[in-house]
Amino acid sequence: MPEMSRRSVLTLGAALGLAGVAVPRAAWSWSPVGSVLGSGSGTDPQWVWDDDIDRIMANVIDTGQVPAVNAAIGSWVHNWQPLPSGLPPELAGFLQGSTAMPAWADMAKLRRAADFNRRKDTYLFLIYGLGGGIMSTVIPREAKSVYWSKGGADMQDRAAKTFSFGYDLSDINAFENSGQFKVTSNKTRMVHAAVRHLLPQSPYWKAVADETIPISNQDILVTFHSTGTFAHKKLKEWKVPMSSADEEAFLHSWQVALHFLGVRDEYIPATWAAAHSQAEQILTPKLAWTPEGQDLAEVLLGLTAQVDLGVTRGFLNVFVRYQLGNDIGDWLGLKRDYVSAATIRAGWPTYIAFREGLLPIAPVGFYMFDQLVRAIAMAFLNRGGSGTTTPITIPDINRPG
Ligand code: HEM
């Protein structure tokens with residue numbers, strides 16, 4: 001993959017609303033002092049994976065126990081449920097600890113985050129679905145891993161499972177006993193561990209990968225910045241009203257989510273300022289086009305266009321350009337439409353102001369934006385078109401080719 005020049009990193013960063021860094025691919029220098037732990041080794045998280053569960057899942061796969069594990073976790077859905085029986089003792093032992101809330105979790109903040117997610121859900125659907133979702137397709141390591149793993153063969157199903165994660169995290173009861181997030185995130189952690197064992201055995205992935213083991217702690221942080229940090233940036237840029245308690249709570253739900261995904265506490269940013277500074281270092285310089293990402297982008301945009309509310313694919317293309325900038329729009333070959341682009345630039349900020357009660361009269365184009373927001377929300381709530389929760393299961397093979 002060609003390295004980006006300093007200038008292109010800065011232009012791209014500016015388009016995304018993220019500041020670029022002075023030196024592309026600079027060595028890791030983010031200080032653990034800015035983390036929820038407040039201290040740490042300073043080791044580059046690119047070389048940190050999830051050792052205990054990685055070893056356990058590798059053993060589950062190598063000893064042919066994946067079907068038994070999938071059967072056992074099938075009915076394990078809610079946070080209140082005890083661990084299912086029938087798990088290998090080592091795995092059960094691990095999950096016993098990994099489903100516990102971290103000591104620094106604050107339930108009052110998490111409840112506020114749930115309420116915030118509900119109040120701002122339309123913008124969040126749009127930012128995650130069209131912004132973060134499409135940005136993930138120009139994060140080469142993520143796109144290549146997703147494409148060449150088992151789920152890559154059925155992108156629609158794969159997208160539906162990822163929506164489930166976002167849905168469970170945004171749910172009003174996410175971290176309560178009646179919620180599902182602790183279970184969903186632990187299943188995801190197991191899937192990631194399985195993928196770390198499987199993908200290095202794929203000749204297709206090995207031919208295109210620039211790493212030996214996928215999904216490092218740094219990769220997970222990059223995904224957080226392309227979703228959570230990006231959402232924070234866009235909400236601020238679009239002047240969506242948020243109190244500082246709301247902003248803090250929103251970050252907190254992501255902090256706990258990252259912990260549950262196996263990111264070490266020394267890398268989890270304690271504040272939005274620390275998160276943005278980490279994103280500047282590890283997100284923007286990594287963005288690039290790949291054939292795998294192109295394929296993935298087509299599927300994701302197709303999912304939203306399927307919800308027939310008169311939102312055309314052309315309008316979606318332009319809205320993606322509005323959120324992610326023209327560099328990414330050009331990489332993905334998203335058609336330009338100067339009239340729609342001008343309408344969005346002028347109309348979207350006033351649409352938000354009206355929705356937030358800051359404007360007395362509905363602006364021109366209100367209906368069009370409302371339909372866009374509805375279409376995205378439906379694609380999201382309908383879990384990518386499947387209509388039902390697609391259970392997360394452990395893969396035991398890669399994409400066959
Ligand atoms: C699987 C979420 C980061 C690659 C999954 C699943 C979820 C998920 C919910 C289970 C759905 C499924 O089985 O398809 C997340 C979240 C992340 C994150 C919330 C970070 C905030 C990453 C990163 C990579 C990655 C950084 C790669 C660089 C994969 C792959 C699968 C997977 C390859 C398995 C697909 C399959 O074969 O079924 N992820 N993920 N994920 N994730 Fe992630």
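Everything numeric in this text was worked out from a predicted model, so none of it was measured. Atoms within a ligand are numbered from 1 in the order they appear, just like the ligands themselves. Reckoned from all heavy atoms, side chains included, excluding hydrogens, waters and symmetry mates.
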Given the side-chain rings of Tyr351 and Phe354, with only the six-membered ring counted for Trp, is the space between their centroids under 6.0 Å?
no
Side chains of [X] and [Y] only: does a donor on one sit below 3.5 Å from an acceptor on the other?
X: Gln218; Y: Asp44; value: yes
X: Glu292; Y: Tyr204; value: no
X: Arg355; Y: Thr122; value: yes

Considering only the protein, which heavy-atom contact is closest to [atom], and what is its distance?
atom: atom 19 (C) of ligand 1; answer: Phe165 CE2, 3.2 Å
atom: atom 28 (C) of ligand 1; answer: Glu142 CA, 3.5 Å
atom: atom 22 (C) of ligand 1; answer: His192 NE2, 3.7 Å
atom: atom 37 (O) of ligand 1; answer: Gly151 N, 2.8 Å

Below the 3.5 angstrom mark, is there an N/O of Arg141, backbone or side chain, next to an N/O of ligand 1?
no
Check: Ser149 N/O within less than 3.5 Å of ligand 1 N/O:
yes
Side-chain donor-acceptor pairs under 3.5 Å in residues 91-99, sequence neighbours left out?
from	atom 1	to	atom 2	distance (Å)
Ser98	OG	Phe94	O	3.4
Ser98	OG	Asn186	OD1	2.7
Thr99	OG1	Leu95	O	2.7

Where's the contact between Leu261 and ligand 1, heavy-atom distance under 4.0 Å: side chain, backbone, both or neither?
side chain
